[in-house]
Engineer: 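Questions regarding the structure given below will be posed in turn.
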Protein chains: 2
Amino acid sequence: MRIGELSTKTGVSVRALRYYEEQGLLAAERSESGQRHYGDKAVDRVRLIQQLYAAGISSASILEMLPCVTTGVASPQVLAKLRGHRSSVVKQIEDLQDTLRQLDSVLAGAVKSHESGVPCPPA
Amino acid sequence: MRIGELSTKTGVSVRALRYYEEQGLLAAERSESGQRHYGDKAVDRVRLIQQLYAAGISSASILEMLPCVTTGVASPQVLAKLRGHRSSVVKQIEDLQDTLRQLDSVLAGAVKSHESGVPCPPA
DNA sequence: TAGGAACCTGACGTTGACGTCAGAGGTAGC
DNA sequence: GCTACCTCTGACGTCAACGTCAGGTTCCTA
């Protein structure tokens with residue numbers, strides 16, 4: 001498929017896909033005229049990339065770990081990095097759960113006082 | 001306390017604290033000479049701000065919700081925003097848990113193949 | 001074969017949360 | 001009062017992950 005189709009299938013913009021290629025994260029065959037062509041696997045790869053980005057992992061780190069992710073093979077160094085990222089993801093989750101508790105306590109109090117008719121001071 | 005002490009107590013840079021003030025998130029008394037002075041509550045407030053930032057909430061949104069967070073009082077509009085942020089935080093947590101599963105499966109495979117002596121292809 | 005949609009390569013713009021530097025003034029211990 | 005650090009304002013720099021625009025080429029359908 002061409003880049004537009006990959007874009008609609010993944011929900012990732014064409015510009016972003018070209019950016020992934022720039023960063024070495026996503027390879028593409030080229031037609032004679034230079035247009036990019038992708039296989040079906042590209043869809044999963046793009047989703048994986050997005051997932052890693054969402055975990056706050058930089059493109060440089062993703063670049064390091066991607067071959068290992070796809071081949072299932074990793075050097076001790078990469079293994080250590082993966083473990084480091086794992087624990088950072090765990091910490092992110094814990095922090096967010098903390099934030100959730102904060103938001104919930106705020107919401108509980110706010111709903112109560114709103115029911116009692118007290119308005120919010122303007123920002 | 002002065003800004004340096006607040007910085008070391010919270011682990012947030014002096015520059016960031018001044019930035020919070022610029023954004024209206026953190027107020028400070030001023031001495032005759034213009035130096036900032038903070039009360040003890042500032043430590044908690046800074047931590048709260050950091051927590052909200054970590055949840056991907058922008059300074060503009062934090063600015064809107066902070067008075068309500070501190071007073072426990074919110075207008076219906078702010079309430080709706082808070083609920084919106086809450087569900088976005090929930091989604092972030094779910095996504096991260098997904099990522100965690102991915103990383104774990106990668107790690108499981110990688111450890112196995114590393115034990116079997118297969119090296120990682122160089123990045 | 002025409003023409004509009006999709007694609008190409010640069011290259012500059014954007015956004016948020018700060019980093020960093022300069023030059024000047026404030027503070028505190030000895 | 002000296003000195004070493006702390007703080008001030010103002011302003012430009014940074015970084016990542018794209019957005020956007022320009023000017024040109026390619027593809028596909030009628």
Side-chain angles (χ1 to χ4, degrees), chain A residues 1-39 42 45-66 81 85 88-89 92 95-96 99, chain B residues 1-39 42 45-66 81 85 88-89 92 95-96 99:
Chain A
M1 79 193 87
R2 290 191 295 164
I3 199 167
E5 191 179 343
L6 183 58
S7 170
T8 57
K9 276 190 182 172
T10 58
V12 171
S13 75
V14 168
R15 177 65 178 92
L17 294 175
R18 294 202 189 104
Y19 175 75
Y20 295 167
E21 184 174 309
E22 272 180 47
Q23 303 302 305
L25 302 178
L26 180 65
E29 304 284 305
R30 294 297 187 120
S31 71
E32 289 260 320
S33 62
Q35 298 209 344
R36 294 169 179 84
H37 286 268
Y38 301 91
R45 192 173 178 96
V46 169
R47 292 203 175 125
L48 178 59
I49 292 170
Q50 285 264 306
Q51 206 164 30
L52 295 174
Y53 270 134
I57 300 172
S58 71
S59 51
S61 291
I62 295 177
L63 182 57
E64 275 185 356
M65 62 174 68
L66 260 187
K81 275 222 171 188
H85 283 304
S88 111
V89 171
Q92 282 180 64
D95 288 350
L96 284 176
T99 304
Chain B
M1 79 193 85
R2 290 192 294 165
I3 199 168
E5 191 179 344
L6 183 57
S7 170
T8 57
K9 275 190 180 171
T10 58
V12 172
S13 75
V14 168
R15 178 65 179 91
L17 293 175
R18 294 202 189 104
Y19 176 75
Y20 295 167
E21 184 174 308
E22 270 180 48
Q23 303 302 305
L25 303 178
L26 180 66
E29 304 284 304
R30 294 298 186 120
S31 71
E32 288 261 318
S33 62
Q35 298 210 343
R36 294 168 179 85
H37 286 267
Y38 301 91
R45 193 174 178 96
V46 169
R47 292 203 175 124
L48 177 59
I49 293 170
Q50 284 265 305
Q51 205 164 29
L52 295 174
Y53 270 134
I57 300 173
S58 72
S59 51
S61 291
I62 296 177
L63 182 57
E64 275 185 356
M65 63 174 68
L66 260 187
K81 275 223 168 183
H85 283 304
S88 111
V89 170
Q92 282 180 64
D95 288 351
L96 284 176
T99 304

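We name chains A, B, ... by the order of the sequence lines, and we start the count at 1 in each one. Computed from heavy atoms alone, side chains included, the values below leave out hydrogens, waters and symmetry copies.
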Engineer: Under the rule for ring pair (Phe, Tyr, Trp, His ring centres under 6.0 Å), what residues qualify as partners of A:Tyr38, not counting sequence neighbours?
Structural biologist: none
Engineer: Quick check on contacts: within residues 18-30 of chain B, what sits under 4.0 Å from DNA chain C by heavy-atom distance?
Structural biologist: B:Tyr19, B:Tyr20
Engineer: Whenever both distances are under 3.5 Å in a Watson-Crick or G-U wobble pair, mark it; put DNA chain C into dot-bracket that way, with [ ] for crossing pairs and | when the partner is on another strand.
Structural biologist: ||||||||||||||||||||||||||||||
Engineer: Starting at atom CD1 of B:Ile62, determine the distance to atom C1' of C:dA17, rounded to an integer number of angstrom.
Structural biologist: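 These atoms are roughly 11 Å apart.
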Engineer: Among residues at least two apart in sequence or on other chains, which ones pass salt bridge (Lys or Arg N to Asp or Glu O under 4.0 Å) with B:Arg15?
Structural biologist: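 Partners of B:Arg15 by the salt bridge (Lys or Arg N to Asp or Glu O under 4.0 Å) criterion, ordered by chain and then number, come out as B:Glu22.
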Engineer: Quickly work out the A:Glu5 CD to D:dC28 P distance and round it to whole Å.
Structural biologist: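 Computing the A:Glu5:CD to D:dC28:P distance gives 11 Å.
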Engineer: Anything under 3.5 Å between a protein N or O and an N or O of nucleotides 25-29 of chain C, put it in a table, one pair a line.
Structural biologist:
residue	atom	partner	partner atom	Å
C:dG26	O3'	B:Ser33	OG	3.0
C:dT27	OP1	B:Ser33	OG	3.2

Engineer: Could you tell me the separation between the CG atom of B:Leu17 and the P atom of D:dC8, rounded to a whole number of Å?
Structural biologist: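 Answer to the nearest Å: 10 Å.
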Engineer: Using nucleotides 21-23 of chain C, report all nitrogen or oxygen pairs with the protein that are shorter than 3.5 Å.
Structural biologist:
none

Engineer: Of all residues at least two apart in sequence or in a different chain, which pass the side-chain contact (heavy atoms from CB on, under 4.5 Å) check with B:Ser7?
Structural biologist: B:Val14, B:Leu17
Engineer: Under a 4.0 Å heavy-atom cut-off, which of residues 45-59 of chain A touch DNA chain D?
Structural biologist: A:Tyr53, A:Ser58, A:Ser59
Engineer: Applying side-chain contact (heavy atoms from CB on, under 4.5 Å), can you list everything that pairs with B:Gln51, at least two apart in sequence or on another chain?
Structural biologist: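 Expected list: A:Asp98, A:Thr99, A:Gln102, B:Leu48.
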Engineer: Mind checking what makes side chain to side chain donor-acceptor pair (under 3.5 Å) contact with B:Ser31, not counting sequence neighbours?
Structural biologist: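 Partners of B:Ser31 by the side chain to side chain donor-acceptor pair (under 3.5 Å) criterion, ordered by chain and then number, come out as B:Ser33.
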Engineer: Just jot down the side-chain contact (heavy atoms from CB on, under 4.5 Å) partners of B:Ser58, sequence neighbours excluded, or say none.
Structural biologist: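 Scan of B:Ser58 (side-chain contact (heavy atoms from CB on, under 4.5 Å), adjacent residues dropped) gives B:Ala60, B:Ser61.
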Engineer: Would you say that A:Met1 contacts A:His37 through its side chain, given a criterion of any heavy-atom pair below 4.5 Å between the two side chains?
Structural biologist: no
Engineer: Using atom CG of A:Leu63 as one end and atom C1' of D:dA16 as the other, report the distance to the nearest whole Å.
Structural biologist: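 Spelled out: CG on A:Leu63 to C1' on D:dA16 is 15 Å.
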Engineer: Nearest whole Å is fine: how far is C:dT9 P from A:Arg15 CZ?
Structural biologist: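 Checked: the CZ to P distance equals 11 Å.
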Engineer: Work out which heavy atom in A:Leu25 is nearest to a heavy atom in A:Arg45; give both atom names and the distance.
Structural biologist: O-NE, 2.8 Å
Engineer: Can you list every salt bridge (charged side-chain N to carboxylate O under 4.0 Å, His left out) pair that touches residues 23-34 of chain A, not counting sequence neighbours?
Structural biologist: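 Every pair satisfying salt bridge (charged side-chain N to carboxylate O under 4.0 Å, His left out) with a residue in residues 23-34 of chain A: A:Glu21-A:Arg30.
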Engineer: Of all the heavy-atom pairs spanning B:Thr10 and B:Leu6, show the shortest one and how long it is.
Structural biologist: OG1-O, 2.7 Å
Engineer: Do the side chains of A:Met65 and A:Ile57 get nearer than 4.5 Å, heavy atoms only?
Structural biologist: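 Heavy-atom side-chain distance check passes, below 4.5 Å.
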